[in-house]
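First the structure, in the form of structure tokens, and then the observations on it.
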There are 2 protein chains.
Amino acid sequence: MNLKQLAHMLALSQTTVSRALNGYPEVNEETRRRVMDAAKRHGYRPNPSARRLATGKSGMIGYVLPTGTAVDIDPHFVEFLSGLGDYARSHELDLVLSPADADDQETTYRRIVANRQVDAVYISSPRREDSRVALVSTLGIPFLVHGRSEGFDFDYPYLDIDNEGAFHEAARLLVQLGHQRLALINGDDRETFAIHRERGVRRALAASGLTLSERHVCSVVMTEENGYRATRRLLEASDAPTAIACSSLIMALGVVRAVRDLGLTIPGDVSLIAHDDVFPWLKPENFSVPLSTTRSSIRLAGARVAERLAARISGVEEGARGEVWPVDLVVRGSVAGAPA
Amino acid sequence: MNLKQLAHMLALSQTTVSRALNGYPEVNEETRRRVMDAAKRHGYRPNPSARRLATGKSGMIGYVLPTGTAVDIDPHFVEFLSGLGDYARSHELDLVLSPADADDQETTYRRIVANRQVDAVYISSPRREDSRVALVSTLGIPFLVHGRSEGFDFDYPYLDIDNEGAFHEAARLLVQLGHQRLALINGDDRETFAIHRERGVRRALAASGLTLSERHVCSVVMTEENGYRATRRLLEASDAPTAIACSSLIMALGVVRAVRDLGLTIPGDVSLIAHDDVFPWLKPENFSVPLSTTRSSIRLAGARVAERLAARISGVEEGARGEVWPVDLVVRGSVAGAPA
DNA sequence: CGAAAAAGCCAAAGCGCTTTGGAAGACTCT
DNA sequence: AGAGTCTTCCAAAGCGCTTTGGCTTTTTCG
């Protein structure tokens with residue numbers, strides 16, 4: 001059942017039927033009702049391909065997925081996706097993932113924009129002066145950054161959590177508990193969230209006249225194994241920290257294992273606070289010693305990103321609004337006063 | 001730059017240019033070269049919306065993403081996606097995720113098929129007589145099932161791993177080591193993989209005249225917490241098992257924690273084998289005691305699914321071919337002879 | 001050499017929708 | 001009552017591609 005048939009059946013023109021369906025004003029309410037009714041009754045659904053060709057709108061949002069045999073997708077992605085889906089589902093928004101060579105995403109961005117394949121895109125895990133952000137903002141397609149990119153002289157819309165504030169709070173707590181030597185096991189330090197977290201820790205330490213030794217900050221891909229290795233290295237050194245801030249729950253698994261392997265205990269010998277993105281399958285309260293965390297649901301962020309993207313597509317949201325969510329500090333058993 | 005312009009520029013008709021570009025035979029090789037060349041030089045890319053409208057082909061593969069506030073996306077999904085992306089990237093295949101209410105995916109399947117939004121779909125985590133498999137095969141769109149669905153009287157194309165064989169091998173090893181009481185901590189028992197794994201364990205036990213007690217098989221959502229709970233329950237019972245087969249690495253984290261909490265050891269008091277889908281961020285060899293696993297890369301499966309889907313779209317692959325991959329049993333420190 | 005077949009190209013008709021530019025009729029207002 | 005204004009609808013022109021059917025020209029072959 002296409003528009004032509006429906007129009008013929010109603011003895012109306014395609015124009016009128018189309019307008020009635022799309023809520024244009026120049027059609028009699030009575031007529032509109034008739035049309036709406038008939039459309040529903042016959043299960044008429046406009047052909048999206050045709051609509052796309054005519055309008056250039058696709059009803060989909062895009063994400064360029066960096067891939068490559070040496071590239072691993074962030075496990076957080078799936079939670080983010082859950083949130084995105086929660087919103088998108090109720091708005092018949094689809095998400096198209098365009099896999100791209102991680103080293104050349106530009107080609108793909110240009111392609112999906114030139115082809116009008118999607119109405120908007122989002123960018124995640126931005127780095128300093130992230131080239132994707134610069135590119136997309138010149139391309140003139142609605143977009144939203146999940147996270148932030150620094151170093152630009154222009155503004156752009158984003159949604160981020162207060163990573164600096166979160167790690168500032170975490171470090172401040174540890175300092176208050178008497179810890180003098182803190183360590184930070186961080187993610188890839190090219191990513192903004194890692195920069196912000198380090199900044200937060202440094203600021204908290206500085207407030208008490210302490211500093212974060214270069215040897216006490218690790219920047220690694222966030223795997224269990226890297227958490228383990230970093231911790232071994234930290235704790236086996238002569239100036240071993242007494243407290244660790246860690247950027248992910250997965251790395252924290254490795255931290256805990258390393259501490260145990262060394263015959264030490266949490267929080268007796270070392271206090272630990274990790275960031276929790278809220279996974280359904282791994283919870284900080286279930287660690288062998290319940291883990292203190294800075295908590296922020298990445299899933300909720302996903303839903304919000306979808307919502308704002310939809311708003312930008314429809315023109316409801318404009319401009320370069322940045323939105324920063326506060327992060328909860330949840331104290332559990334993994335922190336204690338510094339050992340004597 | 002559209003076809004019309006390109007054709008005009010070459011003093012040819014749109015027909016000829018289109019045919020030259022799409023490899024149709026009725027065009028002079030010399031002409032084809034000229035066209036190809038000009039197209040490349042001017043960076044001409046056919047507008048996919050227009051092509052879609054004309055051909056009905058979209059160049060995308062689809063996946064209906066079950067969502068809902070109480071629905072969590074499987075963390076394995078992201079690895080599968082990596083593999084899918086690895087292949088898709090080099091073939092300019094995009095993936096469209098259509099979020100759907102987990103309890104009503106049919107509507108969404110019908111929509112994406114009716115709208116010709118995608119050229120093929122894949123289905124994952126199928127259950128017994130999975131309604132999606134039945135639906136999609138009547139809808140007449142190329143598809144592939146990742147996993148298997150049982151109980152149908154028709155065949156369909158799928159890619160699965162030998163879950164039964166894997167867990168049969170695992171259980172057989174444990175039995176050979178003298179274990180008499182095995183337990184299985186499994187995933188949701190409505191899913192085929194869980195059914196197959198249980199079958200594998202039972203078969204191995206039966207071969208030695210043993211049985212799998214109903215109290216020794218747990219069917220739970222695969223989270224760390226559920227692994228922990230199941231293990232506590234199992235080991236605190238009077239007929240505690242001496243060996244556990246576990247369906248996921250994430251649950252195995254919980255198993256290990258529970259065993260430790262009870263003051264027991266692996267493999268001294270209980271042997272453990274888990275299935276490993278090969279995550280980059282959590283490796284069995286890095287468990288406190290290296291974990292024996294049945295291993296199969298879900299990422300490779302993702303790539304293969306994309307490859308076969310592409311083959312089906314282009315008509316290279318036809319019929320209901322089922323493909324079953326063998327699974328490696330990797331023995332590490334977590335298994336030992338049964339305690340006396 | 002001439003008929004039949006093949007090769008190479010084109011005009012035009014879709015694909016199914018949106019949107020422009022009217023046009024006819026109904027209403028208002030002086 | 002006539003001019004001007006709304007209201008309501010329509011025909012037709014795109015959007016940019018593929019594909020059908022046909023028309024020339026060249027090649028093949030008895």
Side-chain angles (χ1 to χ4, degrees), chain A residues 1-36 38-39 42-60 92 111-119 313-315, chain B residues 1-36 38-39 42-60 92 111-119 313-315:
Chain A
M1 160 84 24
N2 58 21
L3 183 63
K4 194 171 179 177
Q5 292 165 19
L6 186 63
H8 182 256
M9 167 171 304
L10 285 160
L12 286 171
S13 71
Q14 295 189 36
T15 310
T16 304
V17 175
S18 171
R19 284 180 164 154
L21 258 23
N22 294 323
Y24 282 70
E26 56 266 270
V27 44
N28 192 324
E29 276 312 316
E30 153 76 28
T31 310
R32 187 193 305 279
R33 235 185 308 279
R34 260 181 64 219
V35 173
M36 291 284 213
H42 294 85
Y44 168 73
R45 311 259 318 169
N47 177 319
S49 303
R51 169 175 279 180
R52 266 175 74 162
L53 182 58
T55 63
K57 295 268 159 199
S58 67
M60 310 205 277
E92 285 212 5
R111 170 172 66 86
I112 65 179
V113 170
N115 287 349
R116 299 181 155 288
Q117 294 200 151
V118 295
D119 297 340
I313 290 172
S314 64
Chain B
M1 162 80 29
N2 58 20
L3 184 64
K4 194 171 180 177
Q5 292 165 20
L6 186 64
H8 182 256
M9 168 170 304
L10 285 161
L12 286 171
S13 73
Q14 295 189 36
T15 311
T16 303
V17 175
S18 171
R19 285 181 165 155
L21 258 24
N22 293 323
Y24 281 71
E26 56 265 272
V27 44
N28 192 323
E29 277 311 317
E30 153 76 29
T31 310
R32 188 193 303 279
R33 236 185 307 278
R34 260 181 65 219
V35 172
M36 291 283 214
H42 294 83
Y44 168 73
R45 311 262 314 170
N47 177 319
S49 303
R51 169 175 279 180
R52 267 174 74 160
L53 182 57
T55 63
K57 295 269 157 199
S58 67
M60 309 204 277
E92 286 212 4
R111 170 171 66 86
I112 65 179
V113 170
N115 288 348
R116 299 181 153 287
Q117 294 199 156
V118 296
D119 297 340
I313 290 172
S314 63

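Just so we're on the same page: letters track the sequence lines, and every chain starts at 1.
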message: Could you check whether A:Thr16 and A:Ser13, counting side-chain N and O atoms only, form a donor-acceptor pair closer than 3.5 Å?
response: yes
Closest nucleotide among D:dT8, D:dC10, D:dT20 to the A:Ser13 side chain: D:dC10
field: Neighbour count above 12 (heavy atom, 6.0 Å) for A:Arg32 CZ
entry: yes
message: Please classify the nucleic acid contact of A:Ser49 as base, sugar-phosphate, or nothing, using heavy-atom distances under 4.0 Å.
response: nothing
task: Using distance alone, with no hydrogens and no angle criterion, decide if B:Asn22 and B:Arg51 have a side-chain donor and acceptor under 3.5 Å apart.
output: yes
- prompt: Using a cut-off of 4.0 Å on non-hydrogen atoms, how would the nucleic acid contact of A:Thr55 be classed: base, sugar-phosphate, or nothing?
  reply: sugar-phosphate
- request: Say whether, by atom type as modelled, one donor and one acceptor occur between the side chain of A:Arg34 and the main chain of A:Leu10 under 3.5 angstrom.
  value: yes
query: Within the structure shown, what part of the strands sits under 4.0 Å from A:Ala20 by heavy-atom distance: base, sugar-phosphate, or nothing?
result: nothing
query: Can you tell me if B:His42 uses its side chain to pair, donor with acceptor, with the backbone of B:Ala38 under 3.5 Å?
result: yes
field: Presence of salt bridge, A:Glu92 and A:Arg45, under 4.0 angstrom
entry: yes
Boundaries of the chain B footprint along DNA chain C (any atom under 4.0 Å from a heavy atom): C:dG8 to C:dG16
Residue whose closest nucleotide on DNA chain D lies nearer the 5' end, A:Arg32 versus A:Gln14: A:Arg32
task: Looking at every strand, decide which applies to A:Ala11 at a 4.0 Å heavy-atom threshold: base, sugar-phosphate, or nothing.
output: sugar-phosphate
statement: Per nearest nucleotide of DNA chain C, the residue lying toward the 5' end, B:Leu12 or B:Ala54, is B:Leu12
